Enquirer: 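I'd like to ask some things about the structure below.
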Amino acid sequence: MKPSNANLKENTPPKGLRSWLKIYVETERYQSPRFGVILLQGLVGLLFFVFVTRLWYLQVHQGAEFARQAQENRLRYERIFAPRGRILDEKGRVLADNRIAYGLSLVREDCRDIPATLTQISAFSRLPLPQIWDKYQQDRFRIKPFEPILMITDITFDQVARIASDIPTWPGLELVVRSKRSYPEKDLFAHVLGYVAEVNEKEMAEDDALAMGDLAGKQGLELELEKQLRGRKGLYVVEVDAHARVLNKTLSQEPQSGRELRLSLNSSLQKAAWDALDGEAGCVIVMEPDTGKLRALVTSPAYDNNLFAAGISKRDWEGLRTSNRFPLQNRVIQSVYPPGSVWKLVMASLFLERGISPRDTVFCPGEVKLGNQIFRCWKRGGHGNVNMENAIVHSCDVYFYLMAERMGIDRIEEFAKASGFGRPTGIDLPHEKSGLVPSRGWKRRRFGRGWAGGETYNVSIGQGYTLVTPLQMAVFVSALLNGGHLLKPQLLDDAPRESTGRVPAKGETLNFVVSAMRKAAAGGTAHIVARKDADMGGKTGTAQVVKLKMGAGDRRLRASEMEYAQRDHAWIATWGTKNGKTYVVVVMVEHGGGGSSVAGPVAAKIYDHLFGPGAQTEVVSAQPRGERMN
């Protein structure tokens, strides 16, 4: 029996339900790919691993570094500048001191408007705005945003009073106090002391102890003894809140001032030597031959080293740099000159050591001919028959021409170099020159030509290629007196005696040369330094700068008839002993003329200061000032 339609309708699900059943059955039969599940699980696991690894890296591996950075955000460090050590003369007079200076610093992190603040700094300091901007741009990348940039290093007290009332309205600006270098004697000791100035990038890279805004020595003893004078900076630890307000300030490290130095120089003697030069370009050295200690070291002209300590202006710098008198040059050690006839002291020592008898004579007619050249003696008409002693006392050129010809340039070179020439003396000052002792090999390298006999003649009287520093000559003359020891010139009062070599000569040789110098002071070319109350010795020198110029009638031109730059250099090398105290005094006057008439009076005035005035002998030179007298 077939079911009726009514029964079919009754047993058949509704149409919507059938569709649902169909989808449900098909969904039940669907199986998702196994690979997709694994891939999804792997991605979830990888993501979890990355998060865990990153969390470990930040919290564990880099935890200490981030903790340090967080601490730095809370703490700031302020340096306390240590005062430089003072420099005193032998009597305790202050030569380099420290004074209180006010500055203006800028903290970028606290500053709301950099351009407006820099404009205000320009108004405060009365410095050009471009200069302020240059300073800011120069330092901004070297200093952290929360560290101060020292914009102005030295402002007057009147400016400080005005700035202090306005500074609260300029966030980021702060008045700072620090010590500044001061040189009470100004140009009198400028070349010895040098000066300090703000450090540059090269200096900071070479010395980890230096930082932006520090001052360091640039010349002289300030440079040479920088680490002793600098001291050690102190440190404040400052705790701040999120708005940079100071919560607490703790001294972490006390500053330690630099070492105080006492020099061997004497201020009053230095002033006497300066006054004796009377504005001439030149230098004076006063040295103790037994100890090597320097009692005066003067270079003229000089400069005021306070200009550099305060921050020299472009105008002042250009004035010093372009001056035709070269005030920045330390003539004692940085200038080299032909020594003229003071070199005959070296030659006489060589002659004696090489077997030439001091009794051997030479006839001086006033000139000697070598090939087609004529070599003149300084004394027209000549000296007649002279032995070695007379040749030193009266400075006969012809004697030294002929004896040097017997020696040859090779022996001269060897002896001169062994006697301390051609190398620095070792003084504690920077940029010392070595001078020049010419030789065959040097000329071949320099000019590509061989040595000529006439050049030996020139070397024998301190001319030609021979170049020395005044300090080298002072060391050699000291060696004549102390038994041949070449002593390091000492500037510090507590420095020990230090020998750097020996003159290759016997005691008899040294004594002979000293005795000849004594006779030259008693009645020879160095008579200007003779005294009744002291044992004196000397040797003058007149060093040609250009080829000898003659006037009408075969007459040598006077210094007054020549241009300044063509005039001879005037030398005198002397020693004096009184009451058991011996000094060596060397004077060199650039383009001064005759050694006896120009350098001699300077030395005489220095001995007046050392031994007291009014004891000179009655011998008076008739030689006009500026005229040649070797």
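What you are looking at is a predicted structure, and each value in this text was computed from that prediction instead of being measured. When a residue number appears, it is its place in the shown sequence, counting from 1.
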Enquirer: Are there over 12 heavy-atom neighbours, none belonging to Arg93, within less than 6.0 Å of that residue's CZ?
Expert: no
Enquirer: What is the distance from atom CG of Leu221 to atom CG of Leu95, rounded to the nearest 0.5 Å?
Expert: 10.0 Å
Enquirer: When you measure from the side chain of Gln472 to the backbone of Thr425, do you find a donor-acceptor pair of N or O atoms at a distance under 3.5 Å?
Expert: no
Enquirer: With sequence neighbours left out, what residues match Leu88 under side chain to side chain contact (heavy atoms under 4.5 Å, CB included)?
Expert: Arg86, Val94, Glu260, Arg262
Enquirer: Identify the two heavy atoms, one from Pro301 and one from His191, that lie closest to each other, and give their separation to 0.1 Å.
Expert: O-CE1, 3.5 Å
Enquirer: Can you check whether Pro601 reaches Ile528 side chain to side chain, under 4.5 Å on heavy atoms?
Expert: yes
Enquirer: Can you list every pair that meets salt bridge (charged side-chain N to carboxylate O under 4.0 Å, His left out) and has a residue in residues 330-349, with sequence neighbours left out?
Expert: Arg331-Glu590, Lys344-Asp397
Enquirer: Just by distance, do the side chain of Thr466 and the backbone of Gly462 share a donor-acceptor pair under 3.5 Å?
Expert: no
Enquirer: Answer yes when Glu222 and Lys218 have at least one side-chain N-carboxylate O distance shorter than 4.0 Å, and no when they do not.
Expert: no
Enquirer: Under 6.0 Å between ring centres: does that hold for His383 and Tyr399?
Expert: no
Enquirer: I want to check something: taking the side chain as every heavy atom from C-beta on, are Val584 and Met473 in contact at a cut-off of under 4.5 Å?
Expert: no
Enquirer: With side-chain contact (heavy atoms from CB on, under 4.5 Å) as the test, would you mind laying out the steps for Leu350 and Arg354 before giving the verdict?
Expert: CA-CA 6 Å; Leu350 167 64; Arg354 292 298 181 177; 3.5 Å; yes
Enquirer: Indicate yes or no: at least one non-hydrogen side-chain atom of Ile412 is less than 4.5 angstrom from one of Asp410.
Expert: no
Enquirer: If the test is ring pair (Phe, Tyr, Trp, His ring centres under 6.0 Å), which one of Phe400, Phe421, Trp571 qualifies with Trp343?
Expert: Phe421
Enquirer: Test of understanding: with side-chain hydrogen bond (donor to acceptor under 3.5 Å, both in side chains), list the residues that count as partners of Thr574, not counting sequence neighbours.
Expert: Tyr607
Enquirer: Any idea which heavy atoms bring Ser349 and Val513 closest together, and the distance?
Expert: OG-CG2, 3.6 Å
Enquirer: CG/Asp360 to CG/Leu402 distance, rounded to the nearest 0.5 angstrom?
Expert: 12.0 Å
Enquirer: Regarding Asp493 and Ser264, is there a side-chain donor-to-acceptor distance under 3.5 Å anywhere?
Expert: no
Enquirer: Tell me whether His527 contacts the main-chain N or O of Gly524 through its side chain, where contact means a donor paired with an acceptor under 3.5 Å.
Expert: yes
Enquirer: Can you check side-chain contact (heavy atoms from CB on, under 4.5 Å) on Phe611 and Met536, steps first, answer last?
Expert: CA-CA 11 Å; Phe611 298 153; Met536 305 295 297; 4.0 Å; yes
Enquirer: Leu481 versus Ser478: any side-chain heavy-atom pair under 4.5 Å?
Expert: no
Enquirer: Rounded to the nearest 0.5 Å, what separation is found between the CD atom of Glu185 and the CG atom of Asp187?
Expert: 9.5 Å
Enquirer: Within the side chain of Gln373, is there an N or O that forms a donor-acceptor pair under 3.5 Å with the backbone of Gly454?
Expert: no
Enquirer: Does Lys578 NZ have over 12 foreign heavy atoms under 6.0 Å away?
Expert: yes
Enquirer: Any sub-3.5 Å donor-acceptor pair from Thr500's side-chain atoms to Lys488's backbone N or O?
Expert: no
Enquirer: Are side-chain N/O atoms of Ser267 and Asp89 paired as donor and acceptor at under 3.5 Å?
Expert: yes
Enquirer: Nearest 0.5 Å, please: how far is CD1 in Ile606 from CD1 in Ile285?
Expert: 10.0 Å
Enquirer: Between the main-chain N or O of Lys186 and the side-chain N or O of Asp304, is there a donor-acceptor pair closer than 3.5 Å?
Expert: no
Enquirer: Does the side chain of Glu90 come under 3.5 Å of the side chain of Asn266 through a donor N or O and an acceptor N or O?
Expert: yes
Enquirer: Working to the nearest 0.5 Å, report the span between CG of Leu471 and CG of Leu294.
Expert: 6.5 Å
Enquirer: Out of curiosity, Gln270 CD to Phe189 CZ, how far, rounded to the nearest 0.5 Å?
Expert: 4.0 Å
Enquirer: Does a sphere of radius 6.0 Å around CD in Glu414 hold more than 12 heavy atoms from other residues, nucleotides or ligands, not counting ones at 6.0 Å or beyond?
Expert: no
Enquirer: Any luck finding a side-chain donor-acceptor pair between Glu405 and Tyr457 under 3.5 Å?
Expert: yes
Enquirer: Is there a side-chain contact (heavy atoms from CB on, under 4.5 Å) between Phe447 and Trp442 once you walk through the steps?
Expert: CA-CA 8 Å; Phe447 298 105; Trp442 171 83; 3.7 Å; yes
Enquirer: As a quick check of understanding, evaluate side-chain contact (heavy atoms from CB on, under 4.5 Å) for Lys379 and Cys396, giving each step before the final call.
Expert: CA-CA 8 Å; Lys379 185 177 181 181; Cys396 176; over 6 Å; no
Enquirer: Should Ser439 and Trp451 be marked as a side chain to side chain donor-acceptor pair (under 3.5 Å) after you check the CA-CA gap, both sets of side-chain angles, and the distance that decides it?
Expert: CA-CA 8 Å; Ser439 65; Trp451 190 262; over 6 Å; no
Enquirer: Taking the side chain as every heavy atom from C-beta outward, state whether Val286 and Leu265 have any pair of such atoms under 4.5 Å apart.
Expert: no
Enquirer: Can a donor-acceptor pair be found, under 3.5 Å and without considering hydrogens, that links the side chain of Trp378 to the backbone of Ser395?
Expert: yes
Enquirer: What heavy-atom pair brings Ala302 and Thr299 nearest, and what distance separates the two atoms?
Expert: CB-O, 3.8 Å
Enquirer: Strictly distance-based, threshold 3.5 Å: is any side-chain N or O of Tyr465 a donor or acceptor partner for the main-chain N or O of Asn458?
Expert: no
Enquirer: Would you call Leu492 and Leu225 a side-chain contact if the rule is heavy atoms closer than 4.5 Å?
Expert: yes
Enquirer: Under 3.5 Å, side chain of Thr542 to main-chain N/O of Gly595, donor-acceptor pair present?
Expert: yes
Enquirer: A side-chain contact here means heavy atoms from C-beta on lying under 4.5 Å apart; do Leu480 and Met517 qualify?
Expert: yes
Enquirer: Where do Gln544 and Asp568 come nearest, in terms of heavy atoms and distance?
Expert: CA-OD1, 3.4 Å
Enquirer: In terms of the angle between their ring planes, are His569 and His591 parallel, tilted or perpendicular, with boundaries placed at 30° and 60°?
Expert: tilted
Enquirer: Search all heavy atoms of Ala604 against all heavy atoms of Val529 and return the closest pair with its distance.
Expert: N-CG1, 4.2 Å
Enquirer: Do any N or O atoms from the side chain of Asn511 and from the backbone of Gly507 form a donor-acceptor pair under 3.5 angstrom?
Expert: yes
Enquirer: Quick one: closest heavy-atom pair of Val586 and Pro470, and the distance?
Expert: CG1-O, 4.1 Å
Enquirer: Determine whether more than 12 heavy atoms belonging to other residues, nucleotides or ligands lie under 6.0 Å from atom CZ of Arg497.
Expert: yes
Enquirer: Under 3.5 Å, is there a donor on one side chain and an acceptor on the other for Thr525 and Thr540?
Expert: yes
Enquirer: Under a 3.5 Å cutoff, is there a donor and acceptor pairing between the side chains of Thr291 and Glu288?
Expert: yes
Enquirer: Walk me through whether Tyr183 and Tyr195 qualify under ring pair (Phe, Tyr, Trp, His ring centres under 6.0 Å).
Expert: CA-CA 9 Å; Tyr183 303 101; Tyr195 57 87; 8.3 Å; no
Enquirer: How about Val468 and Tyr337: do any of their side-chain heavy atoms sit closer than 4.5 Å?
Expert: no
Enquirer: If you count the non-hydrogen atoms of other residues, nucleotides and ligands that lie under 6.0 Å from NZ in Lys443, is the total more than 12?
Expert: yes
